[in-house]
K.L.:
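The structure is given below, and queries will be raised subsequently.
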Amino acid sequence: MKKRIAIFGSTGSIGTQALEVIAANPDKFEVEILTAYSNDSLLIQQAKQFNPNAVVVVNENKYNAVKDALAATDTKVFAGEKALEEVAAFDTYDMMLAAIVGFAGLKSTLKAIETGKAIALANKETLVVAGDIVMQKAVEKRVPVIPVDSEHSAIFQCLIGETRNRIEKVVLTASGGPFLGKKPNFLVNVKKEHALQHPNWNMGAKISVDSATLMNKGLEMIEAKWLFNLQPSQIQVIIHPQSVIHSMVQFEDGSIKAQMGLPDMKLPIQYALTFPQRIPSSFPRYDFTRSSSLHFEQPDIKTFRNLALAGEALHRGGNTACVMNAANEIAVYGFLRNRIGFLDMTELVERAMHKIHFIENPTLEEYFESDAEARNFAASLINL
Ligand code: NDP
Ligand code: MG
């Protein structure tokens, strides 16, 4: 039986790579749902190739274009933000690949969990914002949440067969991004063109900027906490510029397991789609005989202060990470539109974290309110 997949965010970096994996394994997967924000031409092309049951284009201005282009097919076309949740509740698919970027992916992912679908999770912000509620719901509904993020996929793979064994710590590796080793006097002048040039990965704009500021690793610490039920003291970040070790787990006997491979997101995407099985792939292989040495160093959290802010959010809990994430989304948006400088992003996040009132055990509604408050506050600071 083919696994029926819904790709939320199919026109993005993760979404398109997932479709490559699916296209290479037509006997294993069937595409049921595809969604985009406003890239109608790519969504139409994908729908024609994969013949899904439904597509959603969130931007309602694009509805007619998509509807007309797919009029001769069986694909149902929906538009608007609400449609994401409605389609997520369909019972015609088995697994959602959650690959929308940002807070915008939370509601549809929750709906998929509520209606019993397995989740392949790329959208880390879902766990950063409301990890307690999302993971609780997944336990309640007995649905697996399988990480796609390469570090978390690595940890997940290292933990196979270790259910009864205590984790001493996990070590999240970070490439360091394009500005590794740089100091604030350099960073103050960097532009988005530089920040978008990641040395090892080709990703969407938001996560590329997050990688350059190290906020991505900060978000990943919080993602790890919720996925693997860890204490803050069990999560370590180490810079590893080659991105060959994707992350590690150290157990209480001192033994360390690492998962390795060339940096290629198709591998963790494929693993999440086929888990618990592995299937053959033609992805390039890592060659120990030709590789340079693997290098590790401490992150410079004085320069890349986002990592320290995320550490604060991790320790403080409550709505702090939700607020941090919202302010960061606004900051990245402002930076990508040349409204603020590279270092201003951290400033904005820090001010929002200290401004928005703390809630220790937020309800889902309170997470939404904290997100909106932090977004409005951050936007007001940069006149968005
Ligand atoms: P992209 O920006 O490349 O793609 C984002 C996708 O989400 C697109 O399909 C986009 O549609 C859609 N989208 C954007 N905004 C909205 C919105 N408000 N509502 C609904 N849909 C929206 O992002 P990535 O693929 O790089 O990242 C996706 C997620 O995966 C992120 O959470 C990221 O952190 C995570 N991730 C990504 C990795 C990577 O290698 N790229 C690695 C690990 C994790 P449209 O194209 O129409 O704008
Ligand atoms: Mg990652």
Side-chain angles (χ1 to χ4, degrees), residues 6-20 33-46 55-62 65-66 78-85 87-88 96-109 119-129 147-156 170 172-177 196 198 200-211 214-224 227 237 240 243 245-247 259 263-269 272 325 328-329 332-333 336 371 375:
I7 305 184
F8 278 58
S10 65
T11 50
S13 158
I14 292 289
T16 51
Q17 293 181 84
L19 285 172
E20 284 179 46
I33 297 169
L34 297 172
T35 85
Y37 182 70
S38 68
N39 190 345
D40 52 340
S41 51
L42 183 54
L43 183 66
I44 290 164
Q45 190 189 315
Q46 292 178 340
V55 298
V56 178
V57 58
V58 175
N59 181 344
E60 297 182 15
N61 298 328
K62 301 290 180 86
V66 180
F78 300 85
E81 214 182 296
K82 263 263 146 270
L84 286 177
E85 278 179 87
V87 168
M96 172 194 272
L97 171 61
I100 289 176
V101 59
F103 177 83
L106 173 60
K107 282 186 185 168
S108 49
T109 307
I119 306 291
L121 188 74
N123 178 265
K124 62 191 86 186
E125 294 91 345
T126 286
L127 292 184
V128 173
V129 171
V148 167
D149 211 351
S150 57
E151 296 75 3
H152 305 75
S153 175
I155 293 168
F156 187 85
V170 301
L172 292 171
T173 51
S175 69
L196 291 174
H198 195 277
N200 304 345
W201 304 93
N202 188 3
M203 311 177 286
K206 195 249 173 188
I207 184 174
S208 296
V209 174
D210 283 345
S211 298
L214 289 201
M215 179 54 94
N216 183 49
K217 213 48 56 180
L219 299 175
E220 289 182 358
M221 293 197 297
I222 298 161
E223 182 186 12
L227 278 171
V237 169
H240 166 46
S243 300
I245 293 186
H246 297 311
S247 278
Q259 188 266 338
D264 180 348
M265 282 309 296
K266 287 205 280 294
L267 208 154
I269 291 170
N325 176 70
N328 181 60
E329 288 192 24
V332 172
Y333 181 89
L336 286 172
D371 172 85
R375 241 166 239 278

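Indexing begins at 1, ligand by ligand and atom by atom, following the structure's order.
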K.L.:
Does a side chain donor of either S38 or N59 reach within less than 3.5 Å of an acceptor in the other side chain?
P.N.:
no
K.L.:
Determine whether any heavy atom of K206 lies closer than 4.0 Å to an atom of ligand 1.
P.N.:
no
K.L.:
Under 3.5 Å between any N/O of I14 and any N/O of ligand 1: does that happen in this structure?
P.N.:
yes
K.L.:
Roughly how far, to the nearest 0.5 Å, is CZ of F103 from CG of N325?
P.N.:
8.5 Å
K.L.:
Please classify the M265 to ligand 1 contact at 4.0 Å (heavy-atom distances, strictly less than): side chain, backbone, both or neither.
P.N.:
side chain
K.L.:
With a 3.5 Å distance limit and no angle check, can you tell me whether H198 reaches the backbone of M203 through a side-chain donor-acceptor pair?
P.N.:
no
K.L.:
Flag the pair K124 and E151 as a salt bridge only when some basic side-chain nitrogen lies within less than 4.0 angstrom of an acidic carboxylate oxygen.
P.N.:
no
K.L.:
Please state whether G15 comes within less than 4.0 angstrom of ligand 1, counting heavy atoms only.
P.N.:
no
K.L.:
For ligand 1, which atoms have a heavy atom of S38 less than 4.0 angstrom away?
P.N.:
45 (P), 47 (O)
K.L.:
Kindly confirm or rule out an N or O of Y37 lying under 3.5 angstrom from an N or O of ligand 1.
P.N.:
yes
K.L.:
Indicate yes or no: does an N/O atom of Q17 lie under 3.5 Å from an N/O atom of ligand 1?
P.N.:
no
K.L.:
Check I14, T35, V58 against I100 for a side chain to side chain contact (heavy atoms under 4.5 Å, CB included) and give me the one that passes.
P.N.:
T35
K.L.:
Does T173 offer a backbone N or O that forms a donor-acceptor pair with the side chain of S247 under 3.5 Å?
P.N.:
yes
K.L.:
Working to the nearest 0.5 angstrom, can you tell me the gap between H152 NE2 and L227 CG?
P.N.:
6.0 Å
K.L.:
Check V58 against ligand 1 and report side chain, backbone, both or neither, counting heavy atoms closer than 4.0 Å.
P.N.:
side chain
K.L.:
Within the distance-only criterion (no hydrogens, no angle test), does the side chain of S153 pair as donor or acceptor with the backbone N or O of D149 below 3.5 angstrom?
P.N.:
no
K.L.:
If you count the atoms of ligand 1 from 1 in the order shown, which ones are under 4.0 Å from a heavy atom of N39?
P.N.:
46 (O), 47 (O)
K.L.:
Roughly how far, to the nearest 0.5 Å, is the CG atom of L219 from the CG atom of N328?
P.N.:
6.0 Å
K.L.:
I want to know if ligand 1 touches D149 in the polar sense, i.e. an N/O pair below 3.5 angstrom.
P.N.:
no
K.L.:
Using the ring pair (Phe, Tyr, Trp, His ring centres under 6.0 Å) criterion, which residues pair with F156? Sequence neighbours excluded.
P.N.:
F275
K.L.:
Quick one: does ligand 1 sit under 4.0 Å from the side chain of A122, the backbone, both or neither, non-hydrogen atoms only?
P.N.:
both
K.L.:
Taking non-hydrogen atoms only, is I207 closer than 4.0 angstrom to ligand 1 via side chain, backbone, both or neither?
P.N.:
side chain
K.L.:
For ligand 1, note which part of S10 has a heavy atom under 4.0 Å away: side chain, backbone, both or neither.
P.N.:
backbone
K.L.:
Just jot down the ligand 1 atoms closer than 4.0 angstrom to any heavy atom of A104, in number order.
P.N.:
17 (C), 18 (N), 19 (N)
K.L.:
What part of E81 sits under 4.0 Å from ligand 1 if we count only heavy atoms: the side chain, the backbone, both or neither?
P.N.:
neither
K.L.:
Identify, for atom 32 (O) of ligand 1, the protein heavy atom at the shortest distance, and state residue, atom and that distance.
P.N.:
E125 OE1, 2.7 Å
